[in-house]
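The next block holds one structure in the form of structure tokens; read it before the comments.
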Amino acid sequence: MQPFTKRVIDIIRSIPEGYVMTYGQIAEQAGSRRGARQVVRILHSMSEAHKLPWHRVVNAKGEIAIKDGEGRFMQTLYLNGEGVEVDRDGRVDLAAYRYGGG
DNA sequence: AGTGTGACTTGGG
DNA sequence: ACCCAAGCCACAC
């Protein structure tokens with residue numbers, strides 16, 4: 001496992017309940033400004049194995065990145081369950097729920 | 001080795 | 001605020 005991967009995993013696991021982070025934020029804190037897509041890879045392939053709170057990760061606009069499907073539905077459900085308000089279009093208020101960086 | 005793809009991001013209109 | 005185009009990086013075929 002590469003250092004970057006491990007850092008990404010640690011960062012995602014550090015997101016508190018009721019908050020979200022963006023792919024770019026995670027990549028940047030893990031040491032790769034252009035690593036958002038790696039974060040996607042890691043999340044996509046290791047979220048189950050490492051018990052990551054993948055539902056607390058959204059894109060730069062605050063939207064749920066997954067297309068329509070089971071995953072998208074579950075992410076909305078989990079976030080609502082933690083007190084995060086999710087728009088009908090799958091958007092959250094980053095100004096209110098973003099963790100890290102401000 | 002070349003081409004296509006994606007749970008992304010940023011800059012311009 | 002919304003849509004479009006370019007940039008980026010690793011993986012699959």
Side-chain angles (χ1 to χ4, degrees):
Chain A
M1 169 128 32
Q2 294 197 311
F4 174 76
T5 303
K6 185 168 176 19
R7 272 196 273 281
V8 168
I9 290 172
D10 285 342
I11 290 168
I12 293 173
R13 281 167 69 84
S14 78
I15 305 174
E17 202 172 294
Y19 286 87
V20 300
M21 280 185 84
T22 70
Y23 293 91
Q25 254 185 300
I26 294 167
E28 191 168 13
Q29 289 196 17
S32 176
R33 179 164 113 24
R34 297 289 180 221
R37 312 207 75 132
Q38 247 103 309
V39 175
V40 173
R41 284 275 164 213
I42 293 166
L43 211 55
H44 188 74
S45 87
M46 306 193 164
S47 56
E48 294 184 33
H50 289 269
K51 300 294 194 293
L52 302 180
W54 58 272
H55 56 275
R56 304 205 255 245
V57 184
V58 297
N59 69 18
K61 300 179 207 166
E63 289 176 320
I64 291 176
I66 314 173
K67 294 179 182 177
D68 289 334
E70 199 174 9
R72 174 160 184 133
F73 178 72
M74 286 204 302
Q75 181 162 12
T76 306
L77 219 59
Y78 277 127
L79 288 177
N80 274 322
E82 296 184 355
V84 177
E85 298 178 37
V86 181
D87 202 336
R88 182 181 58 76
D89 299 320
R91 282 184 266 176
V92 307
D93 185 357
L94 281 182
Y97 301 111
R98 190 185 55 192
Y99 175 69

Please give, in whole Å, the distance from [N] [atom2] to [X] [atom1]?
{"X": "Arg72(A)", "N": "dA7(B)", "atom1": "CZ", "atom2": "C1'", "result": "10 Å"}
{"X": "Arg56(A)", "N": "dA7(B)", "atom1": "CZ", "atom2": "P", "result": "22 Å"}
{"X": "Ile12(A)", "N": "dA7(B)", "atom1": "CD1", "atom2": "C1'", "result": "11 Å"}
{"X": "Met21(A)", "N": "dA7(B)", "atom1": "CE", "atom2": "P", "result": "21 Å"}
{"X": "Lys61(A)", "N": "dC4(C)", "atom1": "NZ", "atom2": "C1'", "result": "11 Å"}
{"X": "Met46(A)", "N": "dA7(B)", "atom1": "CE", "atom2": "C1'", "result": "16 Å"}
{"X": "Asn59(A)", "N": "dC8(C)", "atom1": "CG", "atom2": "P", "result": "20 Å"}
{"X": "Asp93(A)", "N": "dA1(C)", "atom1": "CG", "atom2": "P", "result": "10 Å"}

* Atom pair NZ/CG of Lys61(A) and Leu94(A) - distance to nearest 0.5 Å ->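 Atom-to-atom, Lys61(A):NZ and Leu94(A):CG are 11.5 Å apart.
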* Asked: Rounded to the nearest 0.5 Å, how far apart are CG of Leu52(A) and CD1 of Ile15(A)?
  -> 9.0 Å
Can you tabulate the close N/O pairs, meaning under 3.5 Å, that link protein atoms to atoms of nucleotides 9-13 of chain C?
unit_1	atom_1	unit_2	atom_2	d
dC9(C)	O3'	Gln38(A)	OE1	3.3
dC9(C)	O3'	Gln38(A)	NE2	3.1
dA10(C)	OP1	Gln38(A)	NE2	3.1

* To do: Between dG6(B) and dC8(C), how far apart are the C1' atoms? Round to whole Å, please.
  => 12 Å
* Distance, C1' atom - from dC13(C) to dA1(B), rounded to whole angstrom ->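 Result for the C1' pair: 12 Å, nearest Å.
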* To do: Tell me whether Leu79(A) is reachable from Met74(A) by hopping between hydrophobic residues (I, L, V, M, F, W, Y) whose side-chain heavy atoms are closer than 4.5 Å.
  => yes
* Pairs satisfying side-chain hydrogen bond (donor to acceptor under 3.5 Å, both in side chains), at least one member in residues 4-14 of chain A, at least two apart ->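 Sorted result for residues 4-14 of chain A: empty, none.
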* Asked: So what does Arg91(A) hit on the nucleic acid, given a heavy-atom distance under 4.0 Å: a base, only sugar-phosphate, or nothing?
  -> sugar-phosphate
Using atom names, set out every protein N or O paired with an N or O of nucleotides 11-13 of chain B below 3.5 Å, distance rounded to 0.1 Å.
none

* To do: Evaluate whether atom OH of Tyr78(A) has more than 12 neighbouring non-hydrogen atoms of other residues, nucleotides or ligands under 6.0 angstrom away.
  => no
* Among all residues two or more places apart in sequence or in another chain, which pass the side-chain hydrogen bond (donor to acceptor under 3.5 Å, both in side chains) test with His55(A)? -> Glu82(A)
Can you give the donor-acceptor pairs under 3.5 Å from side chains of residues 30-47 of chain A to other protein atoms, not counting sequence neighbours?
unit_1	atom_1	unit_2	atom_2	d
Ser32(A)	OG	Gly35(A)	N	3.3
Ser45(A)	OG	Arg41(A)	O	3.4
Ser47(A)	OG	Leu43(A)	O	3.0

Can you give me every donor-acceptor pair (side chain of residues 85-92 of chain A, partner residue at least two apart or in another chain, under 3.5 Å) with its distance?
unit_1	atom_1	unit_2	atom_2	d
Asp89(A)	OD2	Arg91(A)	NH2	3.3

* State, to 0.1 Å, how close Trp54(A) and Gly71(A) come at their nearest heavy-atom pair, and which atoms those are. =>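 Taking Trp54(A) first and Gly71(A) second, the nearest heavy atoms are CH2-O, 3.6 Å.
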